[in-house]
**Q** 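To start, I am sharing the structure in question, which I have written as structure tokens.
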Amino acid sequence: MPEKFNEKLPKELQTSFYLDNPKKIFVLSMLSCGFYYPLWFYRHWRHFKRRAIAMEKNPELNLNVFEKDKDIRPFWSAFFSGFYIVGTARRIRDKMKSSGLSNYATGPWWAWYFFSINSSANRYEPSADINLNIIFYLIEVFLMAIATWQITRLQIKANEYIAASHEYEKHVEINYNKWDIVVTIVGFIF
């Protein structure tokens with residue numbers, strides 16, 4: 001059963017998952033050449049940790065959190081984001097499935113596979129043949145789009161659960177904060 005909207009929690013912790021706009025995630029991930037991925041994972045796992053700490057401080061909130069969530073280290077979740085995509089996808093899938101939503105498939109291991117496929121494309125060294133360089137560049141952009149789609153798809157599913165369980169009633173606007181801009185610029189330059 002989905003959690004009820006809880007007004008005792010701070011606004012950013014009222015949802016089961018980190019709430020963000022999927023379009024923003026896709027665009028910033030592509031513009032930053034994948035540097036945005038760790039920031040997205042950091043925010044999701046920090047959200048899980050904050051909810052667990054809020055539950056520990058105030059047990060009557062009756063949040064559905066894992067017991068060990070208070071021990072999460074968001075930095076390491078971001079650093080090892082390729083592995084944490086499986087855990088994120090499982091959490092989203094399990095929440096959707098337990099609440100009776102019919103479109104709950106997230107494919108945790110497929111998400112990991114398609115997210116990880118992008119790292120194999122970065123091993124190409126440029127040659128004197130400009131056409132070959134362009135072909136490999138386009139292949140790399142395509143593989144990055146596939147990897148980016150994995151976290152975008154997970155955010156879409158998380159937002160679907162949040163909307164279906166009435167944890168957040170409004171449409172998610174695109175808001176950029178300073179870290180979004182800094183990470184995108186650094187990734188684009190790098």
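Note that the coordinates shown come from a computational prediction; the quantities given were computed from them, not determined experimentally.
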**Q** Can I92 and F17 be said to form a side-chain contact (heavy atoms from CB on, under 4.5 Å), step by step?
**A** CA-CA 8 Å; I92 294 168; F17 300 104; 3.6 Å; yes
**Q** Just how far is it from atom NZ of K57 to atom CD1 of I53, taken to the nearest 0.5 Å?
**A** 6.5 Å
**Q** If hydrophobic clusters are built by linking Ile, Leu, Val, Met, Phe, Trp and Tyr wherever their side-chain heavy atoms come under 4.5 Å apart, do W112 and I25 end up in the same one?
**A** yes
**Q** From S98 OG over to R93 CZ, what is the distance, rounded to the nearest 0.5 angstrom?
**A** 11.0 Å
**Q** What is the minimum heavy-atom distance between L39 and W179, and which atoms define it?
**A** CD2-O, 3.8 Å
**Q** CG/L31 to CG/D180 distance, rounded to the nearest 0.5 angstrom?
**A** 11.5 Å
**Q** Do Y42 and F79 sit in the same hydrophobic cluster, where Ile, Leu, Val, Met, Phe, Trp and Tyr count as joined when their side-chain heavy atoms come under 4.5 Å apart?
**A** no
**Q** Give me the atom names and distance for the closest heavy-atom approach of Q150 to F115.
**A** CG-N, 3.8 Å
**Q** Hey, does S16 have a side-chain heavy atom less than 4.5 Å from the side chain of R51?
**A** yes
**Q** Working to the nearest 0.5 Å, report the span between CD1 of I162 and CE of M96.
**A** 10.5 Å
**Q** Please report the closest heavy-atom contact between T15 and E167, naming both atoms and the distance.
**A** CA-OE1, 3.3 Å
**Q** Which side-chain N or O atoms in residues 70-78 pair as donor and acceptor under 3.5 Å with protein atoms at least two apart or in another chain?
**A**
{"residue": "K70", "atom": "NZ", "partner": "E67", "partner atom": "O", "Å": "3.3"}
{"residue": "S77", "atom": "OG", "partner": "R73", "partner atom": "O", "Å": "3.3"}

**Q** Taking all non-hydrogen atoms of both residues, which atom of A89 and which atom of P108 are closest, and how far apart?
**A** CB-CA, 3.6 Å
**Q** Is there a donor-acceptor contact under 3.5 Å from the side chain of N159 to the main chain of L19?
**A** no
**Q** When you group the ILVMFWY residues by side-chain heavy-atom contacts below 4.5 Å and let the links chain together, are I146 and Y36 in the same group?
**A** yes
**Q** Side chains of Y37 and I151, heavy atoms from C-beta outward: is any pair under 4.5 Å?
**A** yes
**Q** Mind checking whether V186 and F188 sit in one hydrophobic cluster, side chains of I, L, V, M, F, W, Y counted as touching below 4.5 Å?
**A** no
**Q** First locate atom OG1 of T148, then atom CZ of F114, and finally report the distance between them rounded to the nearest 0.5 Å.
**A** 14.0 Å
**Q** Enumerate the side-chain hydrogen bond (donor to acceptor under 3.5 Å, both in side chains) contacts for residues 79-92, please, sequence neighbours excluded, ordered by first and then second residue.
**A** W45-T88, D69-R91
**Q** Determine the minimum heavy-atom distance between Q155 and Y18, stating which atoms define it.
**A** NE2-O, 2.9 Å
**Q** How long is the gap from CG on L138 to CG on L143, to the nearest 0.5 Å?
**A** 11.0 Å
**Q** In the structure I gave you, are the side-chain heavy atoms of I156 and W149 within less than 4.5 Å of one another anywhere?
**A** yes
**Q** For S29 and M144, work out which heavy atoms get closest and say how close.
**A** O-SD, 4.2 Å
**Q** Got L132 and F136 here, is their nearest side-chain heavy-atom distance under 4.5 Å?
**A** yes
